[in-house]
Structure formats: structure tokens, C-alpha cells
Amino acid sequence: MRNQEVADILYQIADILEIQGEIQWKFLAYRRAARTIENLSENIADVLGKQKLPGVGKAIEEKVGELISTGKLEYFEKIKKAIPPIVIEMTEIEGIGPKTAKLIYDAIKIKSIKDLEKAARSHRIQRIKGIGPKMEKAILKGLSNLKKPKRHLLGVILPIANEIYNELKQVKEVKQISLAGSIRRRRETIRDIDILVTSDKPEKVMQFFTTLDLVKKVVVKGPTKSTVNVRSDIQVDLRVVEDESYGAALQYFTGSKEHNVPLRTMVAQMGYKLNEYGVFLKETDEKVAGKTEDEIYKLFGMVWIPPELREDRGEIEAAQANSLPNLVELTDIRGDLHIHSNYSDGKSSIEDMVETAKKRGYKYIAITDHVGSVKIAGALDETTLQNQISHIRELDQQEKEIRIFAGAEVNINLDGSLDLSEDTLDQLDIVICSLHSKLRMSRKEITNRIINALSNEYLTILGHPTGRLLNKRQPSDIDLIAIFEVAKEHGKILEINAYPSRLDLNDVNSRTANQHGVLLAIDTDAHSSGQLRFMDLGVSVARRGWLERNDILNTLPLEALCKKLRIK
DNA sequence: GCCGTTTTCGGCCCGACTGTTTTCAGTCG
Ligand SMILES: Nc1nc2c(ncn2[C@H]2C[C@H](O)[C@@H](COP(=O)(O)OP(=O)(O)OP(=O)(O)O)O2)c(=O)[nH]1
Ligand SMILES: [Mg+2]
Ligand SMILES: [Mg+2]
Ligand SMILES: [Zn+2]
């Protein structure tokens, strides 16, 4: 059983317990354990009971053990009978939580969405004690977008967020402003746009915000906090505080929640209180900090923590020990080694790519079009690739500022061999190898397939290693630890593919790869010159994976890179 | 249900906004 499947069952148990009115510590414990398991690079079956897993104690360990050995959990089968799925789904509607869902279920025993819709239309919901017409209306409206995907790609949300940010920045009552929440932490997917503003006239700012042209609906509006929906139901949260509280509010609103809770717990143990307005002495309520994030973290013996690390993954302890990594930055990147041109399915010519790369200050790029017998993405045949290689060598001769490598993205065959002749492979500088077929092989088979590929002397970089597509396709079921070990053994590079829907390896797996001594390359997989800008997203993944400049292949200067990859 | 340089039992972050409230619980951030 896969980690995500185990985690999903624990999340469902938590939801059921919450609706049943169980004390919050119990269902929160299930969520904590689920989060640990879904963020594991190792397969849960390989580490359960052998390694300390935060939030997994005796009771949950036993249940997970049963789940992975039998594929079923008696306890879960039993409790889920009490609550039909629709009751849990209902809580996805804005304003409906576990208590309301339970209230409705107890009053009228709905079993499906249809039941719920009928009850709402015939006004049987608003007659339930404790519920009124507003709730009933919210349910009717909310039912239609129940099953829609709720998280957006960072790459899609960022431009919209910046647009709103820039509009608010113009307002004269706005003093300081920052994007916050998961956007500031650069999570791979984003549920909503969180913005923090400081001002002496919060009402003015809120009035402006809630009447922006792109606002479709005002969900909540208060003097310090408002929520609106824009465009196709993207939620935007605005928080307004006084200038004196900017640091505290930014710390709060950047999160994550999982970071804030243990931080506040620690602060409380030291005799203080931390909220979005500042740090206060518990005894006297005297304010002692809050203007900047830096002074808050310092006050409690920490160095400032980069937002990308604020996920409760050991950053608080590391900040106390002053052992946070010196994170890689976009400006450290010297080149891009995975690029498609109009020889295959790319939109831009090699020449255009070179020009844009030079503007970005790169010292090298590799053109890596698809090649091979599997006819995907306008794959080149070998003869065309040969022509392309000559073309690239010619261009490279003329270029002084930038080195252009000849490369290809080669399919990994079912047995792990490469779908290109040795003769041609031998002429390439950069060989990206990736899976493009049969991504659903068994864990054992696909792991061996990749290990075989990694053992091939011609492979330079393993491209988008897990094959996941955000909101579309689960990662392949791979023993990543085994992959990392083999990559390390053969000195192979693993990719952080920066394409917005891939971001593969992801943050936690990049971190684990690095801990196993594997070098990573951040590649955009650009299909047009404009897409070279995706590098920013890849760097964010690396930063969230605690990676430093030296952990990334393409921060190397040209000469060092050539030496490392034995390119003449 | 989990966890421990105060603890093996007693805590577990802290605050804003709304609807249906007659004094605040529920939901959300
Ligand atoms: N202290 C504290 N802070 C919270 C809590 N819930 C949310 N926050 C803070 C931290 C979050 O990063 C921030 C924004 O909340 P969001 O619900 O928008 O979450 P976030 O942006 O982190 O992720 P998402 O929107 O799901 O992509 O508010 C909470 O329960 N306690
Ligand atoms: Mg958010
Ligand atoms: Mg939010
Ligand atoms: Zn590609």
C-alpha cells in the first residue's frame, strides 16, 4: 500500500472522528500522523516500527501496520459505516463545518448529494434548529462545485497574485504590503492568495479591496480581515494591521499553520505570547516585539527562517542551533540543461532559446529534444537528431558568451535500456533519460527499470523522476531510496523539473536525495523561450528541500560543469 | 492520540468574523 493511500485513510478517520464529536486532540493526532506519512520519501512499510515517525505512536502504528500487511483496517471499516461520505464532503462548503454537518445528518438522514439537494430545495434544512436560511442557501450554492480541484498551480497563481498585489500597493492608505501564506512559502500548489497590508485606515483599505473590479463575491468583510473570490473562484484573503505589527502579522500570515503552532507553543513555554500583533509578556501583556520577523525569531534564540522552510520539518530546531542551510538562489543558476526546441514539440528555435538564455545571464544551455521510436511530443528520428547536433555545433562555434550543449531527452525502455543507438548517445553532451510509457508498472519492476537506466554510462540526468503531474497524475510507485543509492553510486544527477505542473522531484524528495549524497539539476523543460522563466519555480522547490548552491549541478561555472560531466 | 532538558499524566496556539445568537458557538485564518 502506498504512503498516500495510508495517509488518506488516516485523514478520513480524522474527519469521521471530528464529525462524531470526538475530542479534538484525538482527530488532530490522526491528521498529524497522516501528514508525516504523506511527506515520507521512504515507503511506509520499510520504516514503520524501525524509525521514529513524528506523530505516529503506539495506537496509530498498530493501525498502519494492519493496513499495510492486510490492505484493510477493521477499525476504519467499522467507524465509516456511521457517517456517509456526503456528510464529510459537506464540510468542504464554505461556512459548513463538522458541527453543522452532524446537525444536518442527525436531523434528516441524508445519504447522498441528491438527498441533500432535495432537502435544501424543499427548505427542510433551514427548519433545523440552529440553522437558518443563509446556511441553506450556502449549501445549495456550494453543492455544484463540491468535486472541483481545490488547489491551483503556483505558476498559475503567482501572476494573478502579483496583479492584485500591485493594485493594492497603489492605494495611498497602504503602508507596507507583502504576499503571505503558501505563496510566500512557494508551495507547489496554492489554495488561496494571502496578502498582508499595514495601514492606519483599515476600513478604507478593505473598502477598496472588496470593490476591486475582479472581485466576484465578498465572502467575509471586517476591519482587519476580509475574504473575496475573484475570477473563476480563486479566493483572496487580506489581512490589515498597524505598521507596528508588520513583523508579527507577516510571521503569522506566512505560516504555515504547522510551523506556527509549535512556534507559539515554544514561545508560551518561555513565558510569552505570540499572535499576529506582536510578542507579549504573559504576566503583564506588555508588548516586547513585533515590528519585524527577524526580531521575533531572534528574541527566542533563533535566526530568521526563510519562508520556504516554515513547514515544521525541523526548521525551528535548526534555527535555534543556527544550522539552517544557506539556501540556493535564482542568481546562483548558471544554465539550463533541459530545453525543447522547434525541432520537436517546442515553440522556439534554438537561436531564440540561446538569446533568451543569454539575457538571463546563463553561461550554458542544453537543447534536449525528444528522440526515439516512441512517437511522443514530436520526437526526432536519429537522422534529424544528427542534423540538429551539427546545427548546434555550428552555432556554438559562433557563440562567445554561452556554451550550447547538444543533448536529447531519451526514453527509458521497459527493460531500462535507452531508446537510442550507442553511436548517437556517444555524440551527445547531455543525455536526459525519462520514463514516458508504462508509468504504472509495479513498484519492483519500475524501480529496477530506473536502476538499469541509472547504470547506463550514457545517462547524465534522470528527468522528472516520479512522473507525477499536479492535480492530474499520481507519481509512479518507485522505491526512491533505492534510486538515490544507485544514483549516488554511479554519480548520476537527478532532476528537479521546474515545469509548473511537474515540479519533480518535489521538495521533500529533493531533500532526501541530497541527504543520500545525490547531486540535483534544476531544469525548466522549457517548450518556448518564455518558459525559461520557470527556473524560478525549480529553485523554490530546491529551497523548500533545504538545498544549498553546492547541491545543484547547474550552479557550477561552465568549466567545472564540463569537468564534472566529462564533456570536452 | 501523542509526547517529554519542567512532565509518563496533563497539557495540546491564538484570534477574527458571522449567523442566529439572547450571550456565543462554529468556522476559518
Ligand atoms: N497560528 C495559526 N495560524 C494559522 C492557522 N490557520 C492559518 N494560519 C496562518 C498560517 C497560514 O499560512 C496563513 C494563511 O492560511 P491559509 O489557510 O491560506 O493557508 P496557507 O496559505 O498556508 O496554505 P493554502 O492556502 O492552503 O495554500 O494563516 C491557525 O490555525 N493558527
Ligand atoms: Mg493560503
Ligand atoms: Mg488564506
Ligand atoms: Zn522534456
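Residue numbers begin at 1 in each chain, while the letters A, B, ... track the order of the sequences. Note that the structure is predicted; figures quoted are calculated from it, not measured. We use all heavy atoms of the structure for the numbers below, so side chains are in, but hydrogens, waters and symmetry mates are not.
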A.B. asks: Between Tyr105(A) and Lys109(A), is there a cation-pi geometry (under 6.0 Å to ring centre, at most 45° from the normal)?
C.D. replies: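 Satisfied, under 6.0 Å and within 45°.
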A.B. asks: Would you kindly compare Glu92(A) and Lys282(A) by the position of their nearest DNA chain B nucleotide and give the one closer to the 5′ end?
C.D. replies: Lys282(A)
A.B. asks: Using distance alone, with no hydrogens and no angle criterion, decide if Gln207(A) and Lys221(A) have a side-chain donor and acceptor under 3.5 Å apart.
C.D. replies: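 Result is yes, a qualifying pair exists.
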A.B. asks: Considering only atom C1', compute the distance from dG1(B) to dT6(B) and round it to an integer number of Å.
C.D. replies: 22 Å
A.B. asks: Out of dC14(B), dT27(B), dC17(B), which has the shortest distance to the side chain of Val220(A)?
C.D. replies: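 Selected nucleotide (nearest to the side chain): dC17(B).
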A.B. asks: Considering only dC2(B), dC13(B), dT27(B), which nucleotide approaches the side chain of Lys99(A) most closely?
C.D. replies: dT27(B)
A.B. asks: Expressed in angstrom and rounded to an integer, what is the separation of Glu61(A) atom CD from dC3(B) atom C1'?
C.D. replies: 15 Å
A.B. asks: Consider salt bridge (charged side-chain N to carboxylate O under 4.0 Å, His left out). Of Asp8(A), Asp479(A), Asp477(A), which one does Arg2(A) pass it with?
C.D. replies: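 Among Asp8(A), Asp479(A), Asp477(A), the one meeting salt bridge (charged side-chain N to carboxylate O under 4.0 Å, His left out) with Arg2(A) is Asp477(A).
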A.B. asks: Please report the distance separating the P of dT8(B) from the corresponding atom of dA16(B), rounded so that it comes out in whole Å.
C.D. replies: 36 Å
A.B. asks: Using a distance-only criterion (donor-acceptor N/O pair, under 3.5 Å, no hydrogens), is the base of dG29(B) paired with the side chain of Tyr252(A)?
C.D. replies: yes
A.B. asks: Can you see if the side chain of Arg191(A) gets near the phosphate of dG29(B) - specifically, an N or O under 4.0 Å from OP1 or OP2?
C.D. replies: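 For dG29(B), OP1 or OP2 has a side-chain N or O of Arg191(A) closer than 4.0 Å.
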A.B. asks: Between dT20(B), dC2(B), dT27(B), which one does the side chain of Pro98(A) approach most closely?
C.D. replies: dT27(B)
A.B. asks: Angle between ring planes, His259(A) versus Tyr297(A), binned at 30° and 60°: parallel, tilted or perpendicular?
C.D. replies: tilted
A.B. asks: What nucleotide, of dC13(B), dC17(B), dT7(B), holds the atom closest to the side chain of Thr224(A)?
C.D. replies: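 The nucleotide sitting nearest to the side chain is dC17(B).
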A.B. asks: Quick one, which residues of residues 150-168 of chain A touch DNA chain B with a heavy atom under 4.0 Å?
C.D. replies: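 Those residues whose heavy atoms fall under 4.0 Å from DNA chain B, taken from residues 150-168 of chain A, amount to none.
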A.B. asks: Using atom NZ of Lys221(A) as one end and atom P of dG29(B) as the other, report the distance to the nearest whole Å.
C.D. replies: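 Roughly 19 Å, once rounded to whole Å.
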A.B. asks: Below the 4.0 Å mark, does dT27(B) have OP1 or OP2 next to a side-chain nitrogen or oxygen of Thr100(A)?
C.D. replies: yes
A.B. asks: When the distance from CG of Leu53(A) to C1' of dC2(B) is rounded to whole Å, what number comes out?
C.D. replies: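 Result: 13 Å.
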A.B. asks: Considering every strand and a 4.0 Å limit on heavy-atom distances, what is the contact class for Ile93(A): base, sugar-phosphate, or nothing?
C.D. replies: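 Touches sugar-phosphate only.
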A.B. asks: Where the side chain of Trp25(A) is defined as all heavy atoms beyond and including C-beta, which of dG29(B), dT6(B), dC13(B) is the nearest nucleotide?
C.D. replies: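 Within the option list, the nearest is dC13(B).
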A.B. asks: Provide the distance between the two C1' atoms, one in dT23(B) and one in dG19(B), to the nearest whole Å.
C.D. replies: 13 Å
A.B. asks: Verify whether one side chain among Asp504(A) and Asn497(A) offers a donor that lies under 3.5 Å from an acceptor in the other.
C.D. replies: no
A.B. asks: Considering only distance and modelled atom types, tabulate donor-acceptor pairs under 3.5 Å from the side chains of residues 9-25 of chain A, sequence neighbours left out.
C.D. replies:
from	atom 1	to	atom 2	distance (Å)
Tyr11(A)	OH	Glu38(A)	OE2	2.6
Asp15(A)	OD1	Arg31(A)	NH2	2.9
Glu18(A)	OE1	Arg31(A)	NH2	2.7

A.B. asks: Nearest to the Arg239(A) side chain among dA16(B), dT20(B), dG1(B), which nucleotide is it?
C.D. replies: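 In terms of side-chain proximity for Arg239(A), the closest of dA16(B), dT20(B), dG1(B) is dA16(B).
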A.B. asks: Specify the separation, in whole Å, of atom CD of Glu317(A) and atom C1' of dC3(B).
C.D. replies: 14 Å
A.B. asks: Could you tell me the separation between the CD1 atom of Ile96(A) and the C1' atom of dA25(B), rounded to a whole number of Å?
C.D. replies: 14 Å
A.B. asks: What nucleotide among dG29(B), dC2(B), dT20(B) has an atom nearest to a side-chain atom of Ala59(A)?
C.D. replies: dC2(B)
A.B. asks: Show me the donor-acceptor pairs within less than 3.5 Å that the side chains of residues 86-98 of chain A make with the rest of the protein, sequence neighbours left out.
C.D. replies:
from	atom 1	to	atom 2	distance (Å)
Thr91(A)	OG1	Ile88(A)	O	2.6

A.B. asks: Could you measure between the two P atoms, the one in dT20(B) and the one in dG26(B), and give it in whole Å?
C.D. replies: 14 Å
A.B. asks: Using a cut-off of strictly less than 4.0 Å, decide whether Gln235(A) has a side-chain nitrogen or oxygen near OP1 or OP2 of dG29(B).
C.D. replies: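 Answer yes for this pair, as a side-chain N or O of Gln235(A) is under 4.0 Å from OP1 or OP2.
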A.B. asks: Taking atom C1' in both dT7(B) and dC2(B), compute the distance separating them and give it to the nearest angstrom.
C.D. replies: 14 Å
A.B. asks: Determine: side-chain N/O of Tyr272(A) to OP1/OP2 of dC14(B), distance under 4.0 Å, yes or no.
C.D. replies: no
A.B. asks: Among the nucleotides dG15(B), dG1(B), dG26(B), which one has an atom lying closest to any side-chain atom of Asn275(A)?
C.D. replies: dG15(B)
A.B. asks: Using a heavy-atom cut-off of 4.0 Å across all strands, would you classify Pro54(A) as base, sugar-phosphate, or nothing?
C.D. replies: sugar-phosphate
A.B. asks: Looking at Tyr272(A), I'd like to know if the NZ or CZ of Lys282(A) sits under 6.0 Å from its six-membered ring centre while staying within 45 degrees of the ring's axis.
C.D. replies: no
A.B. asks: Calculate the interatomic distance between Ile131(A) atom CD1 and dG26(B) atom P; express it in whole Å.
C.D. replies: 12 Å
A.B. asks: Examine distances only and state if a side-chain atom of Arg231(A) and a backbone atom of Leu214(A) form a donor-acceptor pair shorter than 3.5 Å.
C.D. replies: no
A.B. asks: Among the nucleotides dT20(B), dC17(B), dC13(B), which one has an atom lying closest to any side-chain atom of Lys225(A)?
C.D. replies: dC17(B)
A.B. asks: Taking any heavy-atom pair under 4.0 Å as a contact, classify Gln24(A): base, sugar-phosphate, or nothing.
C.D. replies: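 Counting heavy atoms under 4.0 Å across all strands, no contact is made by Gln24(A).
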A.B. asks: Kindly confirm or rule out a cation-pi arrangement of Lys63(A) over Tyr75(A), judged by NZ or CZ under 6.0 Å from the six-membered ring centre and within 45° of its axis?
C.D. replies: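 Yes, Lys63(A) sits over the ring of Tyr75(A).
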A.B. asks: Ignoring backbone atoms, test whether Lys273(A) places a side-chain nitrogen or oxygen under 4.0 Å from the OP1 or OP2 oxygen of dG15(B).
C.D. replies: yes
A.B. asks: Within less than 4.0 Å of OP1 or OP2 of dC28(B), is there a side-chain N or O belonging to Thr227(A)?
C.D. replies: no
A.B. asks: Using whole Å, what does the distance between atom P of nucleotide dC17(B) and atom NZ of Lys134(A) come to?
C.D. replies: 16 Å
A.B. asks: Round to the nearest Å and state the distance from Met90(A) atom CE to dC28(B) atom P.
C.D. replies: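 Atom-to-atom, Met90(A) to dC28(B), this comes out as 11 Å.
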A.B. asks: When the P atoms of dG11(B) and dT21(B) are compared, how many Å lie between them, rounded to an integer?
C.D. replies: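 Per the computed distance, 35 Å lies between those P atoms.
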A.B. asks: Can you tell me the Watson-Crick or wobble partner of dT8(B), both distances under 3.5 angstrom?
C.D. replies: none
A.B. asks: Would you indicate what Leu263(A) reaches in the nucleic acid, counting non-hydrogen atoms under 4.0 angstrom: base, sugar-phosphate, or nothing?
C.D. replies: nothing
